[in-house]
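Step one of this worksheet: look at the structure below.
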There are 2 protein chains.
Amino acid sequence: MSTDVDLNAVRTFVAVADAGRFQDAATDLSITQQAVSKRVAALEKDLGVRLFTRTARGARLTVDGQAFLPHARELLRAEERAAASVRPGRRALRVDVIGRKLAPAALLRDFLRAHPSTELDVVTLHDVEAAVTAIRSGTIDASFRAVAMPGRPLPDDIRATPVHDEPLQLLTGPGHPFADAPAVAPAELAGHRIWMPELPPGTEWAAYYADLAAAFGLSIDVVGPHFGTEPLPDVLADSTTLATFVGELTRVLWPADYDLRRIALHHPTPVYPHCLLHHRDNPHPALAALREHLTRSGPERRLRGDEIWTPAWAHRTTP
Amino acid sequence: MSTDVDLNAVRTFVAVADAGRFQDAATDLSITQQAVSKRVAALEKDLGVRLFTRTARGARLTVDGQAFLPHARELLRAEERAAASVRPGRRALRVDVIGRKLAPAALLRDFLRAHPSTELDVVTLHDVEAAVTAIRSGTIDASFRAVAMPGRPLPDDIRATPVHDEPLQLLTGPGHPFADAPAVAPAELAGHRIWMPELPPGTEWAAYYADLAAAFGLSIDVVGPHFGTEPLPDVLADSTTLATFVGELTRVLWPADYDLRRIALHHPTPVYPHCLLHHRDNPHPALAALREHLTRSGPERRLRGDEIWTPAWAHRTTP
DNA sequence: CTGGTCGCACAACCGGCGGTTGTGGCTCGG
DNA sequence: CCGAGCCACAACCGCCGGTTGTGCGACCAG
């Protein structure tokens, strides 16, 4: 019952399976034959099955041993990948995203579909400032962020590439006044309550929504603290007054019978300008592949410049 | 450098990451907070990075911790799968094949392509007798074998389904007399040397080739002992007298510049009758899926009964 | 500012795990 | 029948990994 597998014992098991003899595996591992025997015996006891048939000419795998062997190798590979994910230097590409359900995560999934063999680790930092610090220190390789924060220009050694302008939509329940509208202008939302879950203070996207509210006279209800997005569909479905902003590519899951509506915004359309930040001198090959993929699929700009809205501080600076 | 990861420490790391506090993880794991602290510290020392930032309100993942977490979960899943592969009762489907490069392995790959979520373990037993014993004892669930051995009928509780009649081909180097023949009759091979690698005595396929040789007056050179099939292409490529039999679906890999030839056999075509053996009462759902897949794709019988040759003892008995 | 509380780290202690050496039993080959 | 090869068992012991007890820093209420 207890899934207590000792990786050292597994390594020893694989060594014996490859060598065919306890003795040879012992010399390979630089331990005594008795230690190998003990480890294998302990593993067999843990698993509850015999892995080898001991003969006078060595050890041969039992049926259980044959079945276990590929899983053992996979287990050791998983261990190696896990250790490699935090190994300083030559580790997998590490990219920061705002959240795992937002547009950057979708772009990364798209990239992984095109380059399946890429090793990629996804993390989430607090804000673009922390991301820039992490990029400069080598902690992460790249970051999907709005390009700047109010009054904080990017350092010289950070490159920023606009990769996606994501139109915002209004998400409402079926009883909301705009539930059946084909599109809504942001100014029409003045006076309506906008429900926003958990906007961490000091982040560039909290600043984004604050600017958005100020620009169109919206009143944003920050519900919190820290309830996340989980109760969002429940609240919206039953409310005739609350609505929320969601990115076009943002995944929001709700039960099939909830009938929530995504209402387009226009005149102007608020867009969130996702950029890829990375260090000027980062030589990681996967980073080059990611940049190439993102620029090839290209930032979609279906809207004219005067039909969209972004905060003044967020206008892209690096071509 | 030493990839020595303690799975218990990894489990503890995941527990802390989920709980958010060392204290809570400790109660979850039924150990003291100090033990959790020690385990995490040891893991951090092994990996060489800090995984948590300790705060007065608990522990939060560092960037390295965030990157490591999914690999840690995968590592634990791999451990669980490995342990489950040998767990008595409710383990993955376990199938015996003659060899991993022969037709049954190809059929299994085909099955896995159609049912990707199936957990499948492949093993190799000595002969059909051992397979029957293993099936009756529950050690394996199914076996791809020729249906019987000379004079040994199948027990009543074993079901046999013919799944593939595999035509044999002649594999030769470019200098062999038959290298450019479109097809050869087995009787034409009388007097020629047939090279067969490592035929383990007492197996049903050794009996098959012995019968084949006797039926057509062939002289089979058993090269061995136990060199396997690796040197086969090297030997054939340089020889103008040696040839070997290979199944139509058997994978034989040789360098691109070797120019080995697969020559069809006819009048009659020797076929190897692969059957699926399994226990009458085995309720494993994946076994039903495998049988359904094999009977759907069906045993290919492109040849008339009087155009093929199989040993008399191998003629299928169960419909 | 200050005392209380919360949460993690450090210290001391100790039992058992996992290594070692030494030896015995089994099988196979000559 | 004997010797060689290989693995298991036994005895020993250092140290890993658990425990309890305590210290220290952060946050908060008063």
Side-chain angles (χ1 to χ4, degrees), chain A residues 2-62 64-65 126 200-202 224-226, chain B residues 2-62 64-65 126 200-202 224-226:
Chain A
S2 63
T3 60
D4 183 31
V5 176
D6 178 8
L7 284 185
N8 244 325
V10 173
R11 241 186 303 277
T12 308
F13 162 76
V14 172
V16 173
D18 288 342
R21 274 189 292 272
F22 282 41
Q23 205 85 272
D24 295 357
T27 58
D28 288 349
L29 299 171
S30 305
I31 55 177
T32 61
Q33 165 264 316
Q34 289 87 337
V36 172
S37 184
K38 265 194 172 183
R39 284 191 190 175
V40 171
L43 183 60
E44 289 176 328
K45 186 180 177 183
D46 279 348
L47 298 175
V49 296
R50 212 141 182 71
L51 296 172
F52 292 103
T53 59
R54 279 76 163 172
T55 77
R57 270 204 294 277
R60 295 167 56 89
L61 285 168
T62 63
D64 284 313
H126 183 256
H226 304 289
Chain B
S2 63
T3 59
D4 184 29
V5 176
D6 178 8
L7 285 185
N8 244 328
V10 173
R11 243 185 302 277
T12 308
F13 163 75
V14 172
V16 173
D18 288 341
R21 273 189 293 272
F22 283 41
Q23 205 85 273
D24 297 358
T27 59
D28 289 350
L29 299 171
S30 307
I31 55 176
T32 61
Q33 165 264 315
Q34 288 88 337
V36 172
S37 184
K38 265 193 172 182
R39 285 191 189 175
V40 172
L43 183 60
E44 288 176 328
K45 187 180 177 185
D46 279 349
L47 298 174
V49 296
R50 212 141 183 67
L51 296 172
F52 293 103
T53 59
R54 279 75 162 171
T55 77
R57 269 204 294 280
R60 296 166 54 88
L61 285 168
T62 63
D64 284 313
H126 182 256
H226 304 287

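Sequence lines set the chain letters: A, B, ... in the order given, protein chains first and strands last, and positions in each chain run from 1.
In this structure, A/K45 atom NZ and C/dG16 atom C1' are separated by 12 Å, rounded to whole Å. Across the protein-nucleic acid pair, B/K38 atom NZ and D/dC16 atom P stand 10 Å apart, rounded to whole Å. Between the CG atom of A/D4 and the C1' atom of C/dG16 there is a distance of 14 Å, rounded to whole Å. Taking atom CG of residue A/D6 and atom C1' of nucleotide D/dC16, one finds them 12 Å apart after rounding to whole Å. As a whole-Å value, the separation of A/E44 CD from D/dC9 C1' is 15 Å. B/F22 places its CZ atom 14 Å from the C1' atom of C/dC10, with the value rounded to the nearest Å. Rounded to whole Å, atom P of C/dT5 lies 18 Å from atom CD of B/Q33. In this entry the distance linking CG of A/D24 with P of D/dG5 reads 12 Å, nearest Å.
In this structure, the side chain of B/S37 does not engage the main chain of B/Q33 through any donor-acceptor pair within 3.5 Å. Checking side-chain atoms of A/E44 against main-chain N and O of A/L51 turns up a donor-acceptor pair under 3.5 Å. Panel note: side chain A/T62, backbone A/R50; a donor-acceptor pair is recorded below 3.5 Å.
A sub-4.0 Å separation between OP1 or OP2 of D/dC7 and a side-chain N or O of A/S37 is absent. Of the side-chain N and O atoms in A/R54, none sit less than 4.0 angstrom from OP1 or OP2 of D/dC7. Close to C/dC17, at under 4.0 Å from its OP1 or OP2, lies no side-chain N or O of A/R39.
The residue among A/Q23 and B/A35 whose nearest nucleotide of DNA chain D lies closer to the 5′ end is A/Q23.
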Subject >> Protein-to-nucleotide contact annotation, 5' to 3' order, nucleotides 24-30 of chain D [B base; S sugar-phosphate only; - none; under 4.0 Å, heavy atom] >> reply: --SSS--
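If you check every strand for non-hydrogen atoms under 4.0 Å, A/A41 touches nothing.
At a cut-off of 3.5 angstrom, counting only N and O atoms as typed in the model, there is no donor on one side facing an acceptor on the other between the side-chain of A/Q34 and the base of D/dA10.
Atoms OG1 and CD, on B/T32 and B/Q23 in that order, are 9.5 Å from each other to the nearest 0.5 Å. To the nearest 0.5 angstrom, A/R21 atom CZ is 9.5 Å from A/T55 atom OG1. Distance check: B/R54 CZ to B/R60 CZ gives 14.0 Å after rounding to the nearest 0.5 Å.
Relative orientation of the B/F13 and B/F52 rings is tilted, given thresholds of 30° and 60° on the angle between their planes.
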